[in-house]
**Student:** 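Before we start, here is the structure in question, set down as structure tokens.
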Amino acid sequence: MVAYGQTASAGRSTRRADLPSAAPKAARDSAGVVLRTILDHGPVARSSIARVARLSTASVSGILATLIDDGFVREVPEAAGPPGFGRPAPRPASSPR
């Protein structure tokens with residue numbers, strides 16, 4: 001019987017070096033997904049972009065900061081949603097180039 005974490009053939013526990021490395025998602029791939037989401041859905045909330053792109057809201061905020069600095073995206077405060085509680089968040093929209 002093989003104990004948990006051990007391989008039958010080697011008789012030793014599995015080590016991190018034995019596992020295949022997870023390929024990190026390239027930053028430009030994530031930026032492309034964020035930009036494509038904005039182009040497909042128009043001005044949307046960051047939380048909606050995060051949900052569609054399957055990224056964290058922190059990642060989306062960082063990517064949007066870069067896209068805004070590069071001129072690909074702009075924030076449109078007038079596109080904020082219906083009035084509710086709290087301050088309305090500006091929504092990112094594609095920038096006319």
Side-chain angles (χ1 to χ4, degrees):
M1 179 177 207
V2 178
Y4 176 77
Q6 292 186 344
T7 59
S9 61
R12 63 183 177 91
S13 62
T14 303
R15 298 193 173 130
R16 185 178 299 253
D18 297 335
L19 300 173
S21 63
K25 196 175 215 185
R28 75 167 188 268
D29 292 342
S30 297
V33 170
V34 169
L35 187 57
R36 174 58 51 200
T37 302
I38 293 169
L39 290 171
D40 289 346
H41 299 284
V44 293
R46 292 169 191 251
S47 59
S48 298
I49 295 170
R51 192 170 36 257
V52 170
R54 294 182 173 222
L55 297 168
S56 70
T57 52
S59 295
V60 169
S61 291
I63 292 167
L64 282 174
T66 303
L67 291 173
I68 290 169
D69 289 344
D70 292 343
F72 291 107
V73 173
R74 60 188 169 94
E75 288 187 328
V76 186
E78 62 272 6
F85 296 106
R87 181 180 63 192
R91 301 193 178 203
S94 61
S95 184
R97 278 191 140 194

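All values below were derived from every heavy atom in this structure, side-chain atoms included, with hydrogens, water molecules and symmetry-related copies excluded. Note that the coordinates shown come from a computational prediction; the quantities given were computed from them, not determined experimentally.
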**Student:** Tell me, please, which residues at least two apart from Asp69 pass salt bridge (Lys or Arg N to Asp or Glu O under 4.0 Å).
**Tutor:** none

**Student:** Over all heavy atoms of both residues, which pair between Ala93 and Val76 is shortest? Give the atoms and the distance, please.
**Tutor:** CB-CG2, 3.4 Å

**Student:** With sequence neighbours excluded, what pairs up with Ser59 under the side-chain hydrogen bond (donor to acceptor under 3.5 Å, both in side chains) test?
**Tutor:** Ser56

**Student:** Does one hydrophobic cluster hold both Val52 and Leu67, with members joined at side-chain heavy-atom distances below 4.5 Å?
**Tutor:** no

**Student:** Can you name the closest pair of heavy atoms from Arg46 and Val60 and give their distance?
**Tutor:** O-CG1, 4.0 Å

**Student:** Could you measure the distance from the CD1 atom of Ile68 to the CD1 atom of Ile63? Nearest 0.5 Å is fine.
**Tutor:** 12.0 Å

**Student:** Show every donor-acceptor pair shorter than 3.5 Å between a side-chain atom in residues 36-43 and any protein atom, with sequence neighbours excluded, or say none if there are none.
**Tutor:**
unit_1: Thr37; atom_1: OG1; unit_2: Val33; atom_2: O; d: 2.8

**Student:** Using salt bridge (Lys or Arg N to Asp or Glu O under 4.0 Å) as the criterion, list what pairs up with Arg51, not counting sequence neighbours.
**Tutor:** none

